[in-house]
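All remarks here apply to the structure that follows.
In this chain, residues are counted from 1 in sequence order. Quick caveat, the model's predicted, so the values are computed rather than measured.
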Amino acid sequence: MPPEIRAKYWFLETGSAAAVMSVVSPTEWEDILSALDEFHLNPQTWLKAGGNRGDVAKELDGLFEKRGWAERRLDLEVKGFLLNRKKEKVKEFVTQYQEGYLVDNFKGRIAVDVEWNAKDGNLDRDMTAYRTWYEAGVLTAGVIITKELEEQRVLYKELEKEWNDSAPEDQRITKPLIDLGTTTTTNFAKATLRIQRAVQGTCPLLVVGVGRNAWNRQPYLGPNVS
């Protein structure tokens, strides 16, 4: 991983995920590095309420979309057969069809989910699905991009103070522009807890945390500037 990208985000991996993707899925890995290099945390999109699919999540998804990634659902079908010593089919079991969920970005055999402001239960869903798909032989690795909450809280306070120090009194921020106080939404620390519980199983998993170093170093310019 290029040092400038390594320094820009928080990273946590299992199963040597970065090395696996760089060797087994080099095209997809280059897409991921390129998207992470291009993305910057912009206060004008970040400090705007928008739920799970707010402007930041849409921007990240857009970076993958223009590189040929797409939202996809991965389903599995499992069928069992009972054979005798002569390898003759004795019994055929009922086919088991397992529905997946819509992965934000899928290409080749790599899944990338942007979990920006969703309930933290989404992390369990993502990692459990990655585990199942990996063990079924249809997924090489999974990637989750999320917030590094503590750094974002500190950065928000700095930007809020800078804005309030120079803005007219009637335009000053008097209540939080976005919710960074809730601890039940997806973030890097919550993903770390899931990994410590081995929710992802043996699936190589890379978690990317967006914190202060991803900030574009621009001030907050107010609610009327896009």
Side-chain angles (χ1 to χ4, degrees), residues 1-14 17-18 21-22 28-67 69 103-105 107 110-118 120 122-123 126 141-163 173 176-183 185-195 205-223 225-226:
M1 184 178 294
E4 60 272 17
I5 297 179
R6 182 68 184 85
K8 187 176 178 181
Y9 300 95
W10 288 61
F11 290 98
L12 182 63
E13 68 173 353
T14 69
M21 287 186 282
S22 69
E28 289 76 15
W29 179 238
E30 286 301 318
D31 286 345
I32 292 168
L33 293 179
S34 177
L36 292 177
D37 184 50
E38 183 175 346
F39 175 78
H40 287 87
L41 190 63
N42 180 0
Q44 293 309 117
T45 53
W46 171 44
L47 302 181
K48 184 187 297 183
N52 180 38
R53 306 318 299 167
D55 287 354
V56 174
K58 291 175 182 176
E59 180 181 354
L60 282 163
D61 288 338
L63 293 175
F64 284 94
E65 183 180 5
K66 76 177 187 178
R67 289 168 170 83
W69 296 62
V103 174
D104 293 330
N105 306 282
K107 185 178 180 181
I110 304 295
V112 177
D113 276 302
V114 179
E115 297 295 3
W116 195 252
N117 213 32
D120 63 352
N122 277 27
L123 297 170
D126 297 347
V143 179
I144 294 174
I145 303 175
T146 189
K147 299 176 292 187
E148 206 304 302
L149 188 58
E150 293 305 317
E151 283 198 355
Q152 287 198 12
R153 283 172 175 164
V154 173
L155 178 58
Y156 172 79
K157 288 296 184 183
E158 293 176 10
L159 293 171
E160 179 187 63
K161 183 179 184 304
E162 182 180 16
W163 169 260
I173 300 170
L177 297 170
I178 56 173
D179 182 10
L180 292 174
T182 302
T183 58
T185 54
T186 49
N187 61 68
F188 192 82
K190 292 290 186 180
T192 301
L193 288 175
R194 267 67 178 184
I195 287 176
L205 173 66
L206 180 68
V207 181
V208 183
V210 181
R212 184 186 185 87
N213 287 348
W215 172 40
N216 65 359
R217 300 302 187 271
Q218 296 300 309
Y220 176 63
L221 301 175
V225 178
S226 59

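Taken to the nearest 0.5 Å, the CG atom of L155 stands 12.0 Å off from the NZ atom of K157. Here the CD1 atom belonging to I144 is positioned 10.0 Å from the CZ atom belonging to R194, to the nearest 0.5 angstrom. Rounded to the nearest 0.5 Å, atoms CG (L159) and OH (Y220) are 10.0 Å apart. In this structure, E160 CD and I173 CD1 are separated by 5.0 Å, a value rounded to the nearest 0.5 Å.
For the side chain to side chain donor-acceptor pair (under 3.5 Å) test, no residue two or more places apart in sequence or in another chain qualifies with N187. Here E151 pairs with W10 under the side chain to side chain donor-acceptor pair (under 3.5 Å) rule; sequence neighbours left out. For E30, the salt bridge (Lys or Arg N to Asp or Glu O under 4.0 Å) criterion is met by no residue, not counting sequence neighbours. For Q218, the side-chain contact (heavy atoms from CB on, under 4.5 Å) partners two or more places apart in sequence, or in a different chain, are N216. In this structure A191 satisfies the side-chain contact (heavy atoms from CB on, under 4.5 Å) test together with L123, M127, V207, sequence neighbours excluded. Here W69 pairs with F64 under the ring-ring contact (aromatic ring centres under 6.0 Å, His included) rule; sequence neighbours left out. A search for side chain to side chain donor-acceptor pair (under 3.5 Å) contacts involving K66 returns E38, not counting sequence neighbours. Among residues two or more places apart in sequence or in another chain, the salt bridge (Lys or Arg N to Asp or Glu O under 4.0 Å) test is passed with D126 by none. Scored by the side-chain contact (heavy atoms from CB on, under 4.5 Å) test, Q152 finds L41, W46, W116, K147, L180, V210 as partners (sequence neighbours excluded). Remark: W215 pairs with no residue by the ring-ring contact (aromatic ring centres under 6.0 Å, His included) rule, at least two apart or across chains. Under the side-chain contact (heavy atoms from CB on, under 4.5 Å) criterion, P176 pairs with Y156, sequence neighbours left out. The ring-ring contact (aromatic ring centres under 6.0 Å, His included) search around F39 returns none, not counting sequence neighbours.
For CD of E65, the number of neighbouring non-hydrogen atoms (other residues, nucleotides, ligands) closer than 6.0 Å is 12 at most.
The backbone N or O of A118 lies less than 3.5 Å from no partner atom in the side chain of T185, so there is not a single donor-acceptor pair. In this structure a side-chain-to-backbone donor-acceptor pair under 3.5 Å is present from E13 to A18.
What you find for L149 and T182 is that their closest heavy atoms are CD2-O, 4.0 Å. Nearest approach of N117 to T186, heavy atoms of both residues: N-OG1, 3.7 Å. The two residues D104 and V112 come nearest to each other via the heavy atoms CB-O, 3.6 Å. Scanning all heavy atoms of the two residues, the minimum distance from L206 to A17 falls at N-CB, 3.9 Å. In terms of heavy-atom proximity, L33 sits nearest to M1 at CD2-CG, 4.0 Å. Closest approach of S34 to R67, counting heavy atoms only: OG-NH2, 2.7 Å.
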Chi angles and distances behind the side-chain contact (heavy atoms from CB on, under 4.5 Å) call for F188, L12: CA-CA 9 Å; F188 192 82; L12 182 63; 3.8 Å; yes
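Here K8 does not pair with D37 in a salt bridge; the nearest charged N to carboxylate O distance is not below 4.0 Å. Comment: E158 does not engage K161 in a salt bridge, judged by the lack of any side-chain N to carboxylate O separation of less than 4.0 angstrom.
When side chains are defined from C-beta on, P43 does not count as touching L221, because their heavy atoms never get closer than 4.5 Å. Taking 4.5 Å as the limit, some side-chain heavy atom of F11 sits within range of a side-chain heavy atom of I5. For the pair I178/K48, no side-chain contact is recorded, criterion being any heavy-atom separation below 4.5 Å from C-beta on. Side-chain contact check for L36 versus I145: some heavy-atom pair is nearer than 4.5 Å. Between I195 and L205 the shortest side-chain heavy-atom distance falls below 4.5 Å.
Between the side chains of N105 and D113, no donor-acceptor pair is found at a separation under 3.5 Å.
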